[in-house]
Amino acid sequence: MKQFINSQNVNQEVKSEILYNINNDGIITKPFNPKDVDIISQPMVISNIVENLRDGDIILDPDFQRIPDLWGDQKQSRLIESLIIRIPLPTFYFDAGDNDKLIVVDGLQRLYAIKRFMALENDDPQRLLLTGLEYLTEYNDYSACFKFYGQINKKRKHTTFIRVKI
């Protein structure tokens, strides 16, 4: 015997699957309209991401995220290795907050690895030293060191990558 779905019941179920705004106490305050979400695709080069990480414009520790350092040094190093050999990274998802800061929704572990390798000060003990690389083994025990050189046009700064073996 064939079973048919009552479309009226399905519509009621779909209508009841509405996202909600929740206040700090975890209480639903009002329904959230998914049509109010603006999704903007914006390509970013790694230097923009590093600059945003250095300037604190990317928030890596929103209250809904897990801890940022779940990946060990080897897994973080392998991500950096994939960047060096030009393997594209999956998309990062951010919430563009009201204060011009980007709140990480998806990509926390990848962004944290990039921060540890390229955005921390050179003498920071948390700075990532590459380890366990599969293809670029000659870069094991290296870290990134960046120096900024002003050009004739002072508004533009160029970044030079220098290998530093620790």
(request) Spell out, yes or no, whether I84 and M118 are grouped together once hydrophobic residues are joined by side-chain heavy atoms under 4.5 Å, including indirect joins. (result) yes
(request) May I ask you to test the L79-W71 pair for a side-chain heavy-atom distance under 4.5 Å? (result) yes
(message) To check you understand the geometry: which heavy-atom pair defines the closest contact between V104 and Q65, and what is its length?
(response) O-NE2, 3.0 Å
(message) Classify the ring geometry of Y139 against Y142: parallel below 30°, tilted from 30° to 60°, perpendicular beyond 60°.
(response) perpendicular
(message) Can you give me the closest heavy-atom contact between I80 and I114, atom names plus distance?
(response) CD1-CA, 4.1 Å
(message) Just verifying a value: how many Å separate N52 CG and K115 NZ, rounded to the nearest 0.5 Å?
(response) 12.0 Å
(message) If hydrophobic clusters are built from ILVMFWY residues whose side chains come within less than 4.5 Å, do F117 and I46 share one?
(response) yes
(message) Minimum heavy-atom separation for L120 and R54, please, with both atom names.
(response) O-NH2, 4.3 Å
(request) Applying side chain to side chain contact (heavy atoms under 4.5 Å, CB included), run through L111 and F94 and close with a yes or a no. (result) CA-CA 11 Å; L111 285 166; F94 300 100; 3.7 Å; yes
(request) Output the distance between atom CG (D73) and atom CG (L130), rounded to the nearest 0.5 Å. (result) 9.5 Å
(message) Looking at N99, I want to see if its CG is surrounded by more than 12 non-hydrogen atoms of other residues, nucleotides or ligands under 6.0 Å.
(response) yes
(message) Quick check on the hydrophobic clustering: are L89 and I58 connected, directly or via other members, by side-chain heavy-atom contacts under 4.5 Å?
(response) yes
(message) Are L60 and L108 packed together at the side-chain level, in the sense that at least one heavy-atom pair is separated by less than 4.5 angstrom?
(response) yes
(request) Grab the two heavy atoms, one from S77 and one from L133, that are nearest each other, plus how far apart they are. (result) O-CD2, 3.4 Å
(message) According to a hydrophobic-cluster definition based on side-chain heavy atoms being under 4.5 Å apart (Ile, Leu, Val, Met, Phe, Trp, Tyr only), do Y112 and F92 belong together?
(response) yes
(message) Return the CG to CG distance between L102 and L53, rounded to the nearest 0.5 Å.
(response) 9.5 Å
(request) Kindly determine whether R78 and E81 satisfy salt bridge (charged side-chain N to carboxylate O under 4.0 Å, His left out), including the steps that lead there. (result) CA-CA 5 Å; R78 289 293 210 33; E81 180 181 40; 3.8 Å; yes
(request) Locate the shortest heavy-atom distance separating D141 from L129; write the atom from each residue and the value. (result) O-CD2, 4.0 Å
(message) Closer than 3.5 angstrom, by distance alone: can the side chain of Q76 be matched with the main-chain N or O of R116 as a donor-acceptor pair?
(response) no
(message) Quick check on the hydrophobic clustering: are I49 and V45 connected, directly or via other members, by side-chain heavy-atom contacts under 4.5 Å?
(response) no
(request) Kindly give the heavy-atom pair with the smallest separation between D106 and R110, and that separation in Å. (result) OD2-NH2, 3.8 Å
